[in-house]
2 protein chains.
Amino acid sequence: MAAPRTTTNARLASIPRTAAQLRIIIAALDLFTEHGVSGTSLQMIADAIGVTKAAVYHQYRTKEEIVLAVAEFGLVPLEMALDAAEAERSRAAALEVLLGEMIALAVENRRMVSALQRDPVVARLLADHAPFRELMDRQDRVLIGGHEGAEARLRAAMVWAAIVGGVGHPLVADVDGATLRSQMLDLALRFLAGPD
Amino acid sequence: MAAPRTTTNARLASIPRTAAQLRIIIAALDLFTEHGVSGTSLQMIADAIGVTKAAVYHQYRTKEEIVLAVAEFGLVPLEMALDAAEAERSRAAALEVLLGEMIALAVENRRMVSALQRDPVVARLLADHAPFRELMDRQDRVLIGGHEGAEARLRAAMVWAAIVGGVGHPLVADVDGATLRSQMLDLALRFLAGPD
DNA sequence: GTCTATATGAAGATAGAC
DNA sequence: GTCTATCTTCATATAGAC
(Lines give C-alpha, C1' and ligand atoms only; values in the text may rest on other atoms or scores of the structure.)
Protein backbone atom coordinates (compact mmCIF):
# COMPACT_ATOMS: atom_id res chain seq x y z
CA MET A 1 0.00 0.00 0.00
CA ALA A 2 1.87 3.02 -1.29
CA ALA A 3 1.76 6.32 0.54
CA PRO A 4 0.15 8.90 -1.73
CA ARG A 5 1.37 11.88 0.23
CA THR A 6 -0.52 15.00 -0.65
CA THR A 7 0.73 18.36 -1.85
CA THR A 8 1.12 20.49 1.26
CA ASN A 9 3.46 18.58 3.48
CA ALA A 10 3.61 20.16 6.90
CA ARG A 11 4.92 17.41 9.14
CA LEU A 12 3.40 17.95 12.54
CA ALA A 13 6.26 16.07 14.12
CA SER A 14 8.83 18.57 12.92
CA ILE A 15 7.17 21.77 14.05
CA PRO A 16 9.64 23.62 16.26
CA ARG A 17 8.61 24.22 19.86
CA THR A 18 10.62 26.09 22.49
CA ALA A 19 10.71 24.92 26.09
CA ALA A 20 8.39 27.72 27.16
CA GLN A 21 5.94 26.81 24.43
CA LEU A 22 6.07 23.16 25.38
CA ARG A 23 5.21 24.03 28.97
CA ILE A 24 2.17 25.92 27.76
CA ILE A 25 1.11 23.10 25.45
CA ILE A 26 1.37 20.46 28.16
CA ALA A 27 -0.54 22.57 30.67
CA ALA A 28 -3.18 23.54 28.13
CA LEU A 29 -3.65 19.94 27.03
CA ASP A 30 -4.28 18.97 30.60
CA LEU A 31 -6.72 21.79 31.23
CA PHE A 32 -8.54 21.32 27.93
CA THR A 33 -9.02 17.69 28.84
CA GLU A 34 -10.67 18.62 32.09
CA HIS A 35 -12.62 21.76 31.21
CA GLY A 36 -12.88 21.79 27.45
CA VAL A 37 -11.35 24.52 25.31
CA SER A 38 -14.02 27.15 25.90
CA GLY A 39 -13.98 26.32 29.57
CA THR A 40 -10.26 26.98 29.89
CA SER A 41 -9.05 30.56 30.32
CA LEU A 42 -5.59 31.89 29.69
CA GLN A 43 -5.49 32.72 33.36
CA MET A 44 -5.90 29.04 34.20
CA ILE A 45 -3.09 28.08 31.84
CA ALA A 46 -0.81 30.78 33.26
CA ASP A 47 -1.60 29.71 36.81
CA ALA A 48 -0.89 26.08 36.02
CA ILE A 49 2.60 26.94 34.81
CA GLY A 50 3.18 29.54 37.47
CA VAL A 51 3.56 32.57 35.22
CA THR A 52 1.34 35.50 34.32
CA LYS A 53 -1.08 35.80 31.44
CA ALA A 54 1.27 38.22 29.72
CA ALA A 55 4.00 35.61 29.70
CA VAL A 56 1.66 33.23 27.95
CA TYR A 57 0.74 35.88 25.43
CA HIS A 58 4.39 36.36 24.70
CA GLN A 59 4.55 32.80 23.37
CA TYR A 60 1.23 32.71 21.56
CA ARG A 61 -0.55 35.80 20.35
CA THR A 62 -4.06 34.45 20.76
CA LYS A 63 -5.90 31.62 22.44
CA GLU A 64 -6.63 30.19 19.01
CA GLU A 65 -2.92 29.77 18.40
CA ILE A 66 -2.60 27.83 21.61
CA VAL A 67 -5.42 25.52 20.61
CA LEU A 68 -3.73 25.01 17.27
CA ALA A 69 -0.36 24.27 18.87
CA VAL A 70 -1.95 21.78 21.24
CA ALA A 71 -3.69 20.02 18.37
CA GLU A 72 -0.52 19.90 16.30
CA PHE A 73 1.31 18.41 19.24
CA GLY A 74 -1.41 15.94 20.14
CA LEU A 75 -1.82 14.63 16.62
CA VAL A 76 1.82 13.71 16.08
CA PRO A 77 1.26 10.10 17.17
CA LEU A 78 -1.61 9.75 14.70
CA GLU A 79 0.60 11.08 11.95
CA MET A 80 3.21 8.46 12.73
CA ALA A 81 0.61 5.72 12.84
CA LEU A 82 -0.59 6.78 9.40
CA ASP A 83 2.95 6.72 8.04
CA ALA A 84 3.32 3.17 9.30
CA ALA A 85 -0.05 2.04 7.97
CA GLU A 86 0.50 3.50 4.53
CA ALA A 87 3.83 1.72 4.31
CA GLU A 88 2.07 -1.64 4.48
CA ARG A 89 1.46 -3.49 1.26
CA SER A 90 -1.94 -5.06 1.90
CA ARG A 91 -5.14 -3.41 3.02
CA ALA A 92 -5.51 -5.95 5.81
CA ALA A 93 -2.06 -5.17 7.16
CA ALA A 94 -2.59 -1.43 6.86
CA LEU A 95 -5.87 -1.68 8.73
CA GLU A 96 -4.36 -3.73 11.47
CA VAL A 97 -1.50 -1.29 11.95
CA LEU A 98 -3.69 1.79 11.87
CA LEU A 99 -6.47 0.47 14.07
CA GLY A 100 -3.97 -1.04 16.46
CA GLU A 101 -2.16 2.26 16.86
CA MET A 102 -5.33 4.35 16.99
CA ILE A 103 -6.85 2.16 19.63
CA ALA A 104 -3.66 2.02 21.67
CA LEU A 105 -3.42 5.80 21.61
CA ALA A 106 -7.09 6.28 22.39
CA VAL A 107 -7.01 3.83 25.28
CA GLU A 108 -3.81 5.27 26.72
CA ASN A 109 -5.29 8.75 26.69
CA ARG A 110 -8.92 7.94 27.30
CA ARG A 111 -9.79 11.10 29.13
CA MET A 112 -7.97 13.35 26.71
CA VAL A 113 -9.37 11.70 23.60
CA SER A 114 -12.95 11.70 24.71
CA ALA A 115 -12.70 15.25 26.01
CA LEU A 116 -10.98 16.77 22.99
CA GLN A 117 -12.82 14.78 20.39
CA ARG A 118 -16.01 16.11 21.95
CA ASP A 119 -14.99 19.73 22.01
CA PRO A 120 -16.79 21.90 19.44
CA VAL A 121 -13.80 24.20 19.12
CA VAL A 122 -11.50 21.28 18.35
CA ALA A 123 -14.03 19.81 15.94
CA ARG A 124 -14.14 23.01 13.97
CA LEU A 125 -10.36 23.23 13.97
CA LEU A 126 -9.98 19.71 12.62
CA ALA A 127 -12.47 20.47 9.89
CA ASP A 128 -11.08 23.86 8.87
CA HIS A 129 -7.31 23.69 9.24
CA ALA A 130 -5.75 22.15 6.16
CA PRO A 131 -2.99 20.06 7.77
CA PHE A 132 -5.54 18.42 10.04
CA ARG A 133 -8.04 17.79 7.28
CA GLU A 134 -5.23 16.12 5.41
CA LEU A 135 -4.55 13.80 8.32
CA MET A 136 -8.23 12.97 8.56
CA ASP A 137 -8.34 12.30 4.84
CA ARG A 138 -5.40 9.93 5.03
CA GLN A 139 -7.06 8.19 7.93
CA ASP A 140 -10.34 7.88 6.05
CA ARG A 141 -8.57 6.49 3.01
CA VAL A 142 -7.01 3.70 5.00
CA LEU A 143 -10.26 2.90 6.79
CA ILE A 144 -12.32 2.85 3.61
CA GLY A 145 -9.73 0.96 1.62
CA GLY A 146 -10.44 0.16 -1.98
CA HIS A 147 -14.20 0.07 -1.48
CA GLU A 148 -16.67 2.58 -2.78
CA GLY A 149 -20.21 3.53 -1.97
CA ALA A 150 -22.07 4.72 1.08
CA GLU A 151 -21.70 1.56 3.10
CA ALA A 152 -17.91 1.54 3.09
CA ARG A 153 -17.89 5.16 4.20
CA LEU A 154 -20.50 4.45 6.84
CA ARG A 155 -18.45 1.58 8.22
CA ALA A 156 -15.39 3.82 8.37
CA ALA A 157 -17.33 6.59 10.09
CA MET A 158 -18.87 4.22 12.60
CA VAL A 159 -15.68 2.40 13.49
CA TRP A 160 -13.90 5.68 14.02
CA ALA A 161 -16.68 7.01 16.22
CA ALA A 162 -16.90 3.72 18.07
CA ILE A 163 -13.21 3.90 18.97
CA VAL A 164 -12.85 7.51 20.01
CA GLY A 165 -16.27 7.55 21.65
CA GLY A 166 -16.09 4.07 23.06
CA VAL A 167 -12.92 4.46 25.12
CA GLY A 168 -14.51 7.24 27.15
CA HIS A 169 -17.85 5.53 27.74
CA PRO A 170 -18.76 5.03 31.41
CA LEU A 171 -19.62 1.40 30.68
CA VAL A 172 -15.97 0.57 30.13
CA ALA A 173 -14.47 2.94 32.67
CA ASP A 174 -13.41 0.08 34.89
CA VAL A 175 -11.98 -2.14 32.14
CA ASP A 176 -8.20 -2.25 32.24
CA GLY A 177 -6.23 -0.89 29.32
CA ALA A 178 -4.86 -4.16 27.99
CA THR A 179 -8.25 -5.87 27.87
CA LEU A 180 -9.92 -2.86 26.35
CA ARG A 181 -7.22 -2.61 23.74
CA SER A 182 -7.29 -6.18 22.55
CA GLN A 183 -11.06 -6.59 22.58
CA MET A 184 -11.63 -3.27 20.89
CA LEU A 185 -9.15 -4.06 18.15
CA ASP A 186 -10.80 -7.39 17.61
CA LEU A 187 -14.29 -5.91 17.39
CA ALA A 188 -13.17 -3.05 15.17
CA LEU A 189 -11.42 -5.30 12.69
CA ARG A 190 -14.39 -7.63 12.49
CA PHE A 191 -16.77 -4.72 12.06
CA LEU A 192 -14.78 -3.38 9.14
CA ALA A 193 -14.35 -6.79 7.57
CA GLY A 194 -18.07 -7.43 7.79
CA PRO A 195 -19.84 -10.54 6.58
CA ASP A 196 -19.73 -9.37 2.95
CA MET B 1 -38.87 -7.90 28.54
CA ALA B 2 -40.37 -6.26 31.61
CA ALA B 3 -39.75 -2.64 32.40
CA PRO B 4 -37.96 -2.43 35.75
CA ARG B 5 -38.72 1.24 36.27
CA THR B 6 -36.51 2.72 38.93
CA THR B 7 -37.40 4.61 42.06
CA THR B 8 -37.34 8.29 41.13
CA ASN B 9 -39.80 8.62 38.34
CA ALA B 10 -39.60 12.07 36.81
CA ARG B 11 -41.14 11.66 33.38
CA LEU B 12 -39.38 14.10 31.12
CA ALA B 13 -42.37 14.16 28.82
CA SER B 14 -44.65 15.56 31.50
CA ILE B 15 -42.52 18.47 32.67
CA PRO B 16 -44.60 21.65 32.34
CA ARG B 17 -43.29 24.35 30.01
CA THR B 18 -44.84 27.76 29.36
CA ALA B 19 -44.87 29.29 25.90
CA ALA B 20 -42.12 31.73 26.85
CA GLN B 21 -39.99 28.91 28.21
CA LEU B 22 -40.55 26.87 25.09
CA ARG B 23 -39.35 29.76 22.94
CA ILE B 24 -36.17 29.90 24.98
CA ILE B 25 -35.66 26.15 24.79
CA ILE B 26 -36.09 26.05 21.02
CA ALA B 27 -33.76 28.97 20.45
CA ALA B 28 -31.18 27.62 22.88
CA LEU B 29 -31.26 24.18 21.32
CA ASP B 30 -30.53 25.72 17.97
CA LEU B 31 -27.69 27.86 19.27
CA PHE B 32 -26.20 25.06 21.36
CA THR B 33 -26.15 22.93 18.24
CA GLU B 34 -24.17 25.50 16.38
CA HIS B 35 -21.88 26.96 19.03
CA GLY B 36 -21.89 24.47 21.87
CA VAL B 37 -23.16 25.29 25.33
CA SER B 38 -20.12 27.24 26.51
CA GLY B 39 -20.06 29.07 23.21
CA THR B 40 -23.63 30.27 23.58
CA SER B 41 -24.32 33.33 25.71
CA LEU B 42 -27.60 34.42 27.22
CA GLN B 43 -27.32 37.47 25.04
CA MET B 44 -27.33 35.28 21.94
CA ILE B 45 -30.40 33.43 23.15
CA ALA B 46 -32.17 36.68 23.97
CA ASP B 47 -31.28 38.15 20.58
CA ALA B 48 -32.53 35.06 18.78
CA ILE B 49 -35.95 35.41 20.40
CA GLY B 50 -35.98 39.17 20.16
CA VAL B 51 -36.07 39.97 23.86
CA THR B 52 -33.55 41.19 26.42
CA LYS B 53 -31.37 39.13 28.68
CA ALA B 54 -33.51 40.14 31.65
CA ALA B 55 -36.57 38.59 30.03
CA VAL B 56 -34.69 35.33 29.68
CA TYR B 57 -33.61 35.52 33.30
CA HIS B 58 -37.21 35.91 34.31
CA GLN B 59 -37.89 32.42 32.94
CA TYR B 60 -34.73 30.70 34.09
CA ARG B 61 -32.66 31.97 36.97
CA THR B 62 -29.34 30.71 35.63
CA LYS B 63 -27.79 29.48 32.44
CA GLU B 64 -27.46 26.05 34.01
CA GLU B 65 -31.23 25.87 34.34
CA ILE B 66 -31.59 26.59 30.65
CA VAL B 67 -29.17 23.82 29.75
CA LEU B 68 -31.14 21.50 31.99
CA ALA B 69 -34.45 22.46 30.42
CA VAL B 70 -33.05 21.96 26.94
CA ALA B 71 -31.73 18.53 27.85
CA GLU B 72 -35.04 17.52 29.44
CA PHE B 73 -36.85 18.61 26.32
CA GLY B 74 -34.43 16.99 23.91
CA LEU B 75 -34.38 13.64 25.67
CA VAL B 76 -38.15 13.10 25.61
CA PRO B 77 -37.98 11.07 22.38
CA LEU B 78 -35.32 8.80 23.86
CA GLU B 79 -37.50 8.26 26.90
CA MET B 80 -40.36 7.18 24.70
CA ALA B 81 -38.13 4.88 22.69
CA LEU B 82 -36.99 3.24 25.91
CA ASP B 83 -40.57 2.76 27.04
CA ALA B 84 -41.33 1.01 23.78
CA ALA B 85 -38.20 -1.13 23.87
CA GLU B 86 -38.74 -2.25 27.44
CA ALA B 87 -42.28 -3.29 26.58
CA GLU B 88 -40.96 -5.88 24.15
CA ARG B 89 -40.75 -9.47 25.31
CA SER B 90 -37.56 -10.65 23.66
CA ARG B 91 -34.12 -9.12 23.75
CA ALA B 92 -33.94 -9.20 19.99
CA ALA B 93 -37.18 -7.28 19.63
CA ALA B 94 -36.19 -4.78 22.31
CA LEU B 95 -32.89 -4.17 20.58
CA GLU B 96 -34.50 -3.68 17.24
CA VAL B 97 -37.00 -1.19 18.63
CA LEU B 98 -34.44 0.77 20.62
CA LEU B 99 -31.74 0.87 17.97
CA GLY B 100 -34.30 1.65 15.30
CA GLU B 101 -35.63 4.59 17.26
CA MET B 102 -32.23 5.82 18.40
CA ILE B 103 -30.88 5.73 14.91
CA ALA B 104 -33.94 7.40 13.43
CA LEU B 105 -33.69 10.19 15.97
CA ALA B 106 -29.95 10.57 15.55
CA VAL B 107 -30.19 10.69 11.77
CA GLU B 108 -33.10 13.13 11.79
CA ASN B 109 -31.17 15.48 14.04
CA ARG B 110 -27.66 14.79 12.89
CA ARG B 111 -26.27 18.20 13.60
CA MET B 112 -27.89 18.49 16.98
CA VAL B 113 -26.91 15.03 18.13
CA SER B 114 -23.30 15.24 17.14
CA ALA B 115 -22.97 18.74 18.55
CA LEU B 116 -24.64 18.11 21.89
CA GLN B 117 -23.25 14.66 22.43
CA ARG B 118 -19.83 16.22 22.02
CA ASP B 119 -20.38 19.07 24.41
CA PRO B 120 -18.45 18.77 27.68
CA VAL B 121 -21.14 20.65 29.59
CA VAL B 122 -23.83 18.30 28.33
CA ALA B 123 -21.66 15.29 29.05
CA ARG B 124 -21.23 16.36 32.64
CA LEU B 125 -24.95 17.02 32.95
CA LEU B 126 -25.86 13.57 31.65
CA ALA B 127 -23.43 12.01 34.10
CA ASP B 128 -24.43 14.03 37.15
CA HIS B 129 -28.15 14.69 36.92
CA ALA B 130 -30.09 11.72 38.28
CA PRO B 131 -33.01 11.63 35.80
CA PHE B 132 -30.57 11.58 32.90
CA ARG B 133 -28.32 8.96 34.45
CA GLU B 134 -31.42 6.86 34.86
CA LEU B 135 -32.22 7.18 31.16
CA MET B 136 -28.68 6.23 30.26
CA ASP B 137 -28.84 3.26 32.61
CA ARG B 138 -32.05 2.02 31.03
CA GLN B 139 -30.47 2.43 27.63
CA ASP B 140 -27.35 0.54 28.68
CA ARG B 141 -29.44 -2.26 30.13
CA VAL B 142 -31.24 -2.81 26.85
CA LEU B 143 -28.03 -2.63 24.85
CA ILE B 144 -26.15 -5.04 27.09
CA GLY B 145 -29.06 -7.42 27.44
CA GLY B 146 -28.62 -10.49 29.57
CA HIS B 147 -24.88 -10.71 28.97
CA GLU B 148 -22.18 -10.03 31.48
CA GLY B 149 -18.52 -9.25 31.34
CA ALA B 150 -16.38 -6.61 29.76
CA GLU B 151 -17.04 -7.55 26.17
CA ALA B 152 -20.80 -7.07 26.35
CA ARG B 153 -20.30 -3.67 27.91
CA LEU B 154 -17.68 -2.79 25.34
CA ARG B 155 -20.01 -3.73 22.53
CA ALA B 156 -22.75 -1.58 24.03
CA ALA B 157 -20.39 1.35 24.47
CA MET B 158 -19.05 1.05 20.96
CA VAL B 159 -22.40 0.70 19.25
CA TRP B 160 -23.71 3.71 21.10
CA ALA B 161 -20.68 5.79 20.20
CA ALA B 162 -20.80 4.55 16.62
CA ILE B 163 -24.37 5.74 16.24
CA VAL B 164 -24.21 9.14 17.88
CA GLY B 165 -20.77 9.82 16.50
CA GLY B 166 -21.30 8.21 13.14
CA VAL B 167 -24.28 10.26 12.02
CA GLY B 168 -22.23 13.45 12.26
CA HIS B 169 -19.12 12.16 10.54
CA PRO B 170 -18.10 14.09 7.41
CA LEU B 171 -17.78 10.82 5.50
CA VAL B 172 -21.53 10.32 5.55
CA ALA B 173 -22.57 13.95 5.30
CA ASP B 174 -23.87 13.43 1.79
CA VAL B 175 -25.69 10.17 2.46
CA ASP B 176 -29.46 10.65 2.49
CA GLY B 177 -31.37 9.97 5.68
CA ALA B 178 -33.23 6.86 4.57
CA THR B 179 -30.10 5.08 3.36
CA LEU B 180 -28.13 6.08 6.40
CA ARG B 181 -30.90 4.89 8.66
CA SER B 182 -31.35 1.45 7.19
CA GLN B 183 -27.67 0.69 6.71
CA MET B 184 -26.77 1.93 10.14
CA LEU B 185 -29.47 -0.14 11.79
CA ASP B 186 -28.29 -3.18 9.91
CA LEU B 187 -24.66 -2.68 10.89
CA ALA B 188 -25.50 -1.87 14.49
CA LEU B 189 -27.65 -4.97 14.94
CA ARG B 190 -25.01 -7.18 13.42
CA PHE B 191 -22.30 -5.64 15.55
CA LEU B 192 -24.24 -6.32 18.73
CA ALA B 193 -25.17 -9.83 17.68
CA GLY B 194 -21.55 -10.63 16.94
CA PRO B 195 -20.23 -13.93 15.66
CA ASP B 196 -20.31 -15.44 19.19
C1' DG C 1 11.22 35.39 28.80
C1' DT C 2 8.88 37.28 32.32
C1' DC C 3 6.84 40.93 34.78
C1' DT C 4 3.20 45.05 36.24
C1' DA C 5 -0.34 47.59 34.77
C1' DT C 6 -4.12 48.57 32.14
C1' DA C 7 -7.62 48.78 28.34
C1' DT C 8 -11.75 46.89 26.50
C1' DG C 9 -15.38 44.19 26.05
C1' DA C 10 -18.61 40.62 27.12
C1' DA C 11 -20.42 37.39 30.23
C1' DG C 12 -23.65 36.07 34.01
C1' DA C 13 -26.71 38.12 37.02
C1' DT C 14 -29.99 41.53 39.74
C1' DA C 15 -33.22 45.63 40.86
C1' DG C 16 -37.08 47.81 39.99
C1' DA C 17 -40.38 50.12 36.52
C1' DC C 18 -44.17 49.20 32.99
C1' DG D 1 -43.63 38.98 30.49
C1' DT D 2 -40.76 42.34 29.17
C1' DC D 3 -38.16 46.43 29.71
C1' DT D 4 -33.93 49.79 31.13
C1' DA D 5 -30.18 50.24 33.83
C1' DT D 6 -26.59 48.64 36.43
C1' DC D 7 -23.19 45.52 38.79
C1' DT D 8 -19.48 42.27 39.07
C1' DT D 9 -16.43 39.29 37.29
C1' DC D 10 -13.63 37.52 34.02
C1' DA D 11 -11.65 36.95 29.40
C1' DT D 12 -8.82 38.46 25.65
C1' DA D 13 -5.40 41.47 24.56
C1' DT D 14 -1.66 45.32 24.59
C1' DA D 15 2.17 48.50 26.29
C1' DG D 16 6.24 48.97 28.19
C1' DA D 17 9.64 47.98 32.11
C1' DC D 18 13.11 44.48 33.93
Side-chain angles (χ1 to χ4, degrees), chain A residues 15-73 115-116 119-125 128-129, chain B residues 15-73 115-116 119-125 128-129:
Chain A
I15 293 174
R17 299 169 183 95
T18 69
Q21 288 175 330
L22 217 45
R23 279 196 293 275
I24 292 175
I25 290 174
I26 303 291
L29 190 50
D30 196 52
L31 289 164
F32 288 170
T33 297
E34 184 152 1
H35 308 282
V37 175
S38 295
T40 300
S41 69
L42 293 186
Q43 187 64 68
M44 292 162 83
I45 297 174
D47 288 350
I49 313 173
V51 299
T52 62
K53 275 192 292 183
V56 175
Y57 268 104
H58 185 259
Q59 300 299 330
Y60 294 105
R61 295 156 59 97
T62 65
K63 187 182 179 181
E64 176 105 1
E65 278 186 28
I66 297 179
V67 178
L68 205 81
V70 168
E72 283 165 347
F73 177 81
L116 291 195
D119 199 286
V121 179
V122 174
R124 191 158 301 188
L125 196 71
D128 293 352
H129 204 66
Chain B
I15 293 174
R17 298 168 184 96
T18 69
Q21 287 174 331
L22 216 45
R23 279 196 293 276
I24 293 175
I25 289 174
I26 302 292
L29 189 50
D30 196 52
L31 289 164
F32 288 170
T33 298
E34 184 153 0
H35 307 283
V37 175
S38 296
T40 300
S41 70
L42 292 185
Q43 187 64 67
M44 291 162 83
I45 297 174
D47 288 348
I49 312 172
V51 298
T52 61
K53 274 193 293 182
V56 175
Y57 269 102
H58 185 258
Q59 302 299 331
Y60 294 104
R61 296 157 57 99
T62 65
K63 188 182 179 181
E64 176 106 1
E65 278 186 27
I66 297 179
V67 179
L68 207 81
V70 169
E72 284 164 346
F73 178 82
L116 292 195
D119 199 285
V121 179
V122 174
R124 192 157 301 187
L125 196 70
D128 292 353
H129 205 67

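- When rounded to the nearest whole Å, the span between CG of A:L22 and P of C:dG1 equals 12 Å.
- The CD1 atom of A:I24 sits 11.0 Å away from atom OH of A:Y57, with the distance rounded to the nearest 0.5 Å.
- Counting to the nearest Å, the C1' atom of C:dT14 and the CD atom of B:Q59 are 16 Å from each other.
- Within a 6.0 Å radius of CZ in B:R124, other residues, nucleotides and ligands contribute 12 heavy atoms or fewer.
- Rounded to whole Å, atom C1' of D:dT2 lies 16 Å from atom OH of B:Y60.
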Enumerate, atom names and distances included, each donor-acceptor pair closer than 3.5 Å involving a side-chain atom of residues 39-46 of chain B, sequence neighbours excluded.
| from | atom 1 | to | atom 2 | distance (Å) |
| --- | --- | --- | --- | --- |
| B:T40 | OG1 | B:L31 | O | 3.3 |
| B:T40 | OG1 | B:G36 | O | 2.7 |
| B:S41 | OG | B:Q43 | N | 3.4 |
| B:S41 | OG | B:M44 | N | 3.1 |
| B:Q43 | NE2 | B:D47 | OD1 | 3.0 |

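- Checking the phosphate oxygens (OP1, OP2) of C:dT2, no side-chain nitrogen or oxygen of A:T52 falls inside 4.0 Å.
- Nearest approach of A:T33 to A:A115, heavy atoms of both residues: O-CB, 3.1 Å.
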Contact pattern, 5' to 3', of nucleotides 12-18 of chain D - B, S or - by protein heavy atom under 4.0 Å: BBBB---
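- As rounded to whole Å, 15 Å separates atom P of D:dC10 from atom NE2 of A:H35.
- The minimum heavy-atom distance between A:Y60 and A:Q21, with the atom names listed, is OH-CB, 3.3 Å.
- Atom CD1 in B:I45 sits roughly 11 Å away from atom C1' in C:dG12 (whole-Å rounding).
- In plain terms, the two heavy atoms of A:V37 and A:F32 that are nearest each other are CA-CD2, 3.9 Å.
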